[in-house]
Amino acid sequence: MSYEPYNHKEVEPKWQNIWDENEAWVTGEDKSRPKYFAMVEFPYPSGQGLHVGHPRPYTAMDIVSRKRRMQGYNVLFPMGWDAFGLPTENYAIKNQIHPKVVTKNNVARFKGQLRALGYSFDWTREINTTDPEYYKWTQWIFMQLFKKGLAYKAEMPINWCTSCKVGLANEEVVNGVCERCGSEVVRKVKSQWMLKITEYAEKLIEGLDGVDYVEKIAVSQKNWIGKSTGAEVDFTVKGKEEKLRIYTTRCDTLFGVTYMVVSPEHPILDKYKDEIKNWAAVEEYRAAAARKSDFERSELAKEKTGVVIDGLSAINPVNDKEIPIFVSDYVLMSYGTGAIMAVPAHDSRDWDFAKAFNLPIIEVVAGGKDVQEEVYTDVADGILVNSGFLDGLKVADAKKKMIEFLEEKGIGQAKTNYKLRDWVFSRQRYWGEPIPIVKCDKCGYVAIPESELPLQLPEVESYMPTDDGESPISKMTDWVNTTCPCCGGPAKRETDTMPQWAGSSWYFLRYCDPHNSEALASKEALDYWMPVDWYNGGMEHTTLHLLYSRFWHRFLYDQGVVPCKEPYQRRTSHGMILGSNGEKMSKSRGNVVNPDEIVDEFGADTLRTYEMFIGAFDLSASWQEDGVRGCRRFLEKVWKLQTIMTDEEGYSSDLEGAMHRTIKKVSADFETLKFNTAIAAMMALLNEFNRKNAVTKGEYKTLLCLLNPVAPHITEELWQIIGGEGYIYQQKWPEYDEDKTVENTIEIPIQVNGKMRGTVSVSRDASKDEVLAKAKEAVAGKITGSIIKEIYVPGKIVNLVAK
RNA sequence: GCCGGCUUGUCGGAAUUGGCAGACGAGACAGACUCAAAAUCUGUUGGUGGUAACAUCGUGCGGGUUCGACCCCCGCAGCCGGCACCA
């Protein structure tokens, strides 16, 4: 057979064009076929273009999508752009180019790069969060949240980025600095739009039961929501009617309380200002705390600081003991009630604080070491002591009994708390969705009529936030001044915009029906396509994006807009691709690899194969150029098989088992994200052909079909060269026969006292006695003493225990 | 400090989840082809001892459970990631 060396520069564009002409990846309209909705996280189209990290998840889900098509599913595998965001805006500010233009250019670049990688995205369903026809529905969903009371304005201390001049959600503050720009974050009071995600805390926990998320993702969702059950207890302020309410998960330790702590923002301080003798010191402490971010206040291994409130003290309601009250920044106003009871014997933070301030430590759970020397927190099996009516009880029983007592006396009650906080939804920025609300002096905040959606971004002269931190839109008085939809009087539009998370919180719905102008998607489309069957994304989104989008989706379900409670049936995550030095790729480290160069030199199929072969999909992996070369070599060997191909359509008898085993392994590994071992299995099969120096046409075809999802261009070309029917992407996924995956004679390892001493060949259905007899014979000279125990795991191993 | 994850040859990484540790790839070494090199092909390749058969050690460290442990349990160290001292 004539043979030309493999030229990826010809073959890859050729097939990309043919797929386009054939509309090979346009989603089928036949809703009687079983559907499969596979989704990757849509990218933010940054100015840097695609990074080698992007193709890892895209290739993985492309493999799944291509396999599903070959299995006969109607596949929806869409792509879009999460295009609102700060880098674009910052670029616009710097260069005075409209962010719309910047976005358009970046999208064009990304799209070209993705095309060159041969992904089977259905581009007829492309979406862009900055398109008014898209954000019309983002605004519409916000409006529904507003109408149901889940969007509200609140004056509250927020995280304020001194550089971006925007408020950040707690979730967006990383290591005490702004997640996006790295500048210092301080606390500032501002009126913000908030979304009541906390109202959905319980539903968001429950929803995890019905879906298939990778364990660690489900765990981080739960930890983030942070449900805890405990009790609220009222302590009396001595000599006053005033009650100081605390939240505790350890109400069994109430007898061990030796002091109380309130957060620096606690209202009780201002209220009794005049009676606090050391007010100057308290005020100074508060001022210092206000300058710190939550993160700094919670910084590790920090010395406990605080000031005793001289002039106020509290009475422990269970034993009427008088105890001091401190103010300290280790207590946060944003969790619980902003005040705690301190039990130094059994809480390490309280213990540290008590040691620092020389406060008494009273043991109330026995079982640890001396609590004066060491805190005792792991009290699951502990028994209550020094605790009046709780003495002798186990911790769990003591909790129950104490709650009964508190409720009976009216001084406390059981209470469930969540760590989750409401979502700060406003940004004082230009490049985001306008919030479709006006403020009227008479009517307050009013939603604009739905018929006026989309509320489009006005053109502004400068994208720079104003010095007072208001959005640049606030200067557009023509746009800002409007009439109240309620009373017709003068009103002002909201000038804050939505965060980038908004557009990505529902995009999967739009993919189902992207051109619908009547609704975010038709009921028919949603009924058929939702939920997303498999959603893969980065670990960095497992708390923020995932939780926000689940929240919006669950809300829409409650409103009857979507047919299912949860948006994603299965969620997996991929690991990062690191530089060859094992560090994160970054310009400053000089270890960035540009995928364009790899595609140019080695081809898209090689890049795809390498990114899948690089290591376990969910772990980070470091980029090795030698590994890329190895994958190119593999593909070239597959290419060369055409020179040793015979005309037989079937499998040769000596390789039949290997063929069936490989089909089985590759099929299973693609489902469990073990792309690396799937490719290794195909390499091993190829080596078999080369060892024989022959491959039948039937064997070759099967290998090409298995490899096609990973390396679609070269396999398509080879399919044509060897005269396969139609296109390879239209073939059926290879099937295997379970019986043929098992070999008739198997090698059984023989151990003596747990150490390998040899192997024996036996037939697959050999009896235990037969195997043991052979085994003893095989290792006869290696046994000292007599055999006292014989272990045979059928088909696996023999272990002879001798003494 | 808390919560996850990780630690296996020279390197990237496998190991059907308690059953032959090191698949597959890379690198290195040797050979073939070549005037030569590259490419390609073939072979060898965890350490130690031995001509060899083979023996022995070996999955971060220390213990344990088990006929048998990379895998399970207890303790420790190092690295990576996340974090909101959550009472």
Side-chain angles (χ1 to χ4, degrees), chain A residues 5 170-171 173-175 215-217 219-220 223-224 226 228 230 246-251 253 261 293-295 297-302 304 328-332 334-337 339-343 346-350 352-353 417-421 539-540 542-543 575-576 578 580 582-584 609-610 613-616 618-631 633-634 636-637 640 665 668 674 676-684 686-687 690-691 747-759 782 788-793 795-802:
Chain A
N170 285 317
E171 293 93 324
V173 181
V174 175
N175 295 337
E215 180 67 19
K216 64 178 172 181
I217 299 175
V219 166
S220 31
N223 287 347
W224 192 265
S228 73
I246 60 95
Y247 175 71
T248 180
T249 54
R250 295 296 314 280
C251 63
T253 61
V261 186
S293 66
D294 270 9
F295 184 83
R297 286 172 56 167
S298 60
E299 206 154 3
L300 55 117
K302 197 189 65 175
K304 292 288 178 286
S328 174
D329 64 6
Y330 83 92
V331 174
L332 303 178
S334 51
Y335 183 80
T337 62
I340 62 156
M341 63 177 209
V343 186
H346 306 293
D347 180 285
S348 52
R349 285 151 302 152
D350 296 346
D352 290 346
F353 191 88
N417 260 359
Y418 301 92
K419 294 182 205 170
L420 185 68
R421 297 175 200 166
M539 265 318 273
E540 69 273 24
T542 48
T543 42
M576 242 191 302
L578 306 171
S580 52
E583 288 175 2
K584 204 170 167 173
T609 306
Y610 176 60
F613 187 62
I614 193 168
D618 61 331
L619 300 180
S620 55
S622 69
W623 186 270
Q624 309 285 336
E625 184 118 350
D626 284 332
V628 179
R629 218 162 272 130
C631 288
R633 229 175 268 172
F634 165 60
E636 283 182 7
K637 286 180 189 172
K640 269 199 189 170
K665 175 142 187 73
K674 294 170 88 174
N676 51 339
T677 51
I679 291 168
M682 290 188 269
M683 288 171 166
L686 173 100
N687 291 342
N690 281 333
R691 205 153 292 151
E747 288 259 295
I748 302 277
I750 314 298
Q751 295 184 333
V752 177
N753 293 334
K755 293 192 176 182
M756 261 292 295
R757 284 295 179 264
T759 58
K782 293 172 181 172
I788 56 166
K789 196 170 180 182
E790 297 165 345
I791 289 139
Y792 173 54
V793 183
K796 294 272 188 192
I797 204 163
V798 170
N799 191 11
L800 304 171
V801 185

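Throughout, a chain's letter reflects where its sequence line sits, starting with A, and its residues are numbered from 1.
Applying the 4.0 Å criterion to OP1 and OP2 of B/A84, one finds that A/Lys419 has every side-chain N and O outside that range. Between A/Ser220 and B/G82 there is no side-chain N or O to OP1 or OP2 distance below 4.0 Å. Dashed line: the shortest gap from a side-chain N or O of A/Arg629 to OP1 or OP2 of B/G27 is not under 4.0 Å. OP1 or OP2 of B/C57 sits under 4.0 Å from a side-chain N or O of A/Lys755. Taking only side-chain nitrogens and oxygens, A/Asn687 comes nearer than 4.0 Å to OP1 or OP2 of B/G25.
Listed nucleotides B/G4, B/G68, B/C86 differ in distance to A/Arg421; the shortest reach to its side chain belongs to B/C86. Comparing B/G68, B/G27, B/C3 by their nearest atom to the side chain of A/Arg633 picks out B/G27. Proximity note for A/Ala680 (side chain, C-beta onward) versus B/C20, B/G68, B/A23: the nearest is B/A23. In this structure, the nucleotide among B/C67, B/G4, B/A84 sitting nearest to the side chain of A/Lys216 is B/G4.
Taking the O4'-C1'-N9-C4 or O4'-C1'-N1-C2 dihedral as appropriate, B/G22 has a value more than 90° from 0 and is therefore anti. Applying the 90° cutoff around 0 to the glycosidic angle, B/U65 is assigned anti.
Atom-to-atom, NZ of A/Lys637 to P of B/A39 comes out at 13 Å; the value is rounded to the nearest Å. Regarding A/Trp224, its CH2 atom lies at a distance of 7 Å from the C1' atom of B/C83, rounded to whole Å. Summarising the geometry, the separation between CG on A/Asn223 and C1' on B/G4 is reported as 8 Å, rounded to the nearest angstrom. Atom CE of A/Met341 is separated from atom P of B/A87 by 12 Å (rounded to the nearest Å). Rounding to whole angstrom units, NZ of residue A/Lys640 and P of B/U40 are separated by 8 Å. Put simply, CG on A/Leu686 is 9 Å from P on B/G25, counting in whole angstrom units. Taking atom CG on A/Asn690 and atom P on B/G43, their separation rounds to 10 Å, with Å as the unit. Between the CG atom of A/Asp329 and the C1' atom of B/A84 there is a distance of 14 Å, given to the nearest Å.
Comparing A/Cys631 and A/Thr337 by the nucleotide of RNA chain B that holds the closest heavy atom to each, the one mapping nearer the 5' end is A/Cys631. Nearer to the 5' terminus of RNA chain B, by closest-nucleotide assignment, is the contact made by A/Ala684 (compared with the other of A/Tyr247 and A/Ala684).
B/G1: Watson-Crick or G-U partner is B/C83, with both key distances under 3.5 Å. Pairing for B/C29 goes to B/G43, judged as Watson-Crick or G-U wobble with the two contacts each under 3.5 Å. For B/C72, the paired nucleotide is B/G64, the pair qualifying as Watson-Crick or G-U wobble because both relevant distances are below 3.5 Å. Nucleotide B/U7 has B/A77 as its partner under the Watson-Crick or G-U criteria, with both atom distances under 3.5 Å. B/G58 is unpaired under the criterion used here, namely a Watson-Crick or G-U wobble arrangement in which both key atom distances are under 3.5 Å.
Closest of all the heavy-atom pairs between A/Ile748 and A/Lys796 is CD1-N, 4.0 Å. A/Ala802 and A/Asn753 make their closest contact through N-OD1, 2.8 Å (heavy atoms, listed as atom of the first residue, atom of the second, distance).
For the P atoms, the distance from B/C72 to B/A15 is 14 Å, rounded to whole Å. Going from the P atom of B/C79 to that of B/U8 covers 14 Å, rounded to whole Å. Comparing the P positions of B/U56 and B/C6 gives an interatomic distance of 33 Å, to the nearest angstrom. One C1' atom belongs to B/A23, the other to B/G13, and the distance between them is 10 Å to the nearest Å. On the P atoms, B/A30 is 12 Å away from B/A38, given to the nearest whole Å. B/A21 sits 8 Å from B/C70 when the P atoms are compared, rounded to a whole Å. Across B/G31 and B/U10, the matching C1' atoms stand 22 Å from one another, rounded to whole Å. The gap from the C1' atom of B/C61 to that of B/C24 amounts to 30 Å, rounded to the nearest Å.
Nucleic acid contact for A/Arg757: sugar-phosphate only, since backbone atoms but no base atoms lie under 4.0 Å from a heavy atom of the residue. Backbone-only contact: A/Asp626 has heavy atoms under 4.0 Å from sugar-phosphate atoms and none from a base. Counting non-hydrogen atoms under 4.0 angstrom, A/Val793 reaches a base of the nucleic acid.
With a 4.5 Å cut-off on side-chain heavy atoms, A/Met683 and A/Leu686 do not count as touching.
Taking OG1 of A/Thr337 as the start and CD1 of A/Ile246 as the end, the distance is 6.5 Å to the nearest 0.5 Å. Taking CG of A/Asp618 as the reference point, atom NZ of A/Lys216 lies at 5.0 Å (rounded to 0.5 Å). Rounding to the nearest 0.5 Å gives a distance of 8.5 Å between CZ of A/Arg250 and CG of A/Asp347. Note: A/Asp352 CG to A/Tyr330 OH = 8.5 Å, rounded to the nearest 0.5 Å. Distance check, rounded to the nearest 0.5 Å: OG1 of A/Thr253 to NE2 of A/His346 gives 7.0 Å. Atoms CG and NZ, on A/Asn687 and A/Lys637 in that order, are 6.0 Å from each other to the nearest 0.5 Å.
With A/Tyr610 contributing its side chain and A/Gln624 its backbone, the two residues share a donor-acceptor pair below 3.5 Å.
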Interface polar pairs with nucleotides 6-16 of chain B, N/O, under 3.5 angstrom:
unit_1 : atom_1 : unit_2   : atom_2 : d
B/G12  : O2'    : A/Ile614 : O      : 3.3
B/A14  : OP1    : A/Ala616 : N      : 3.1
B/A14  : OP1    : A/Asn676 : ND2    : 2.9
B/A15  : OP1    : A/Lys674 : NZ     : 3.1

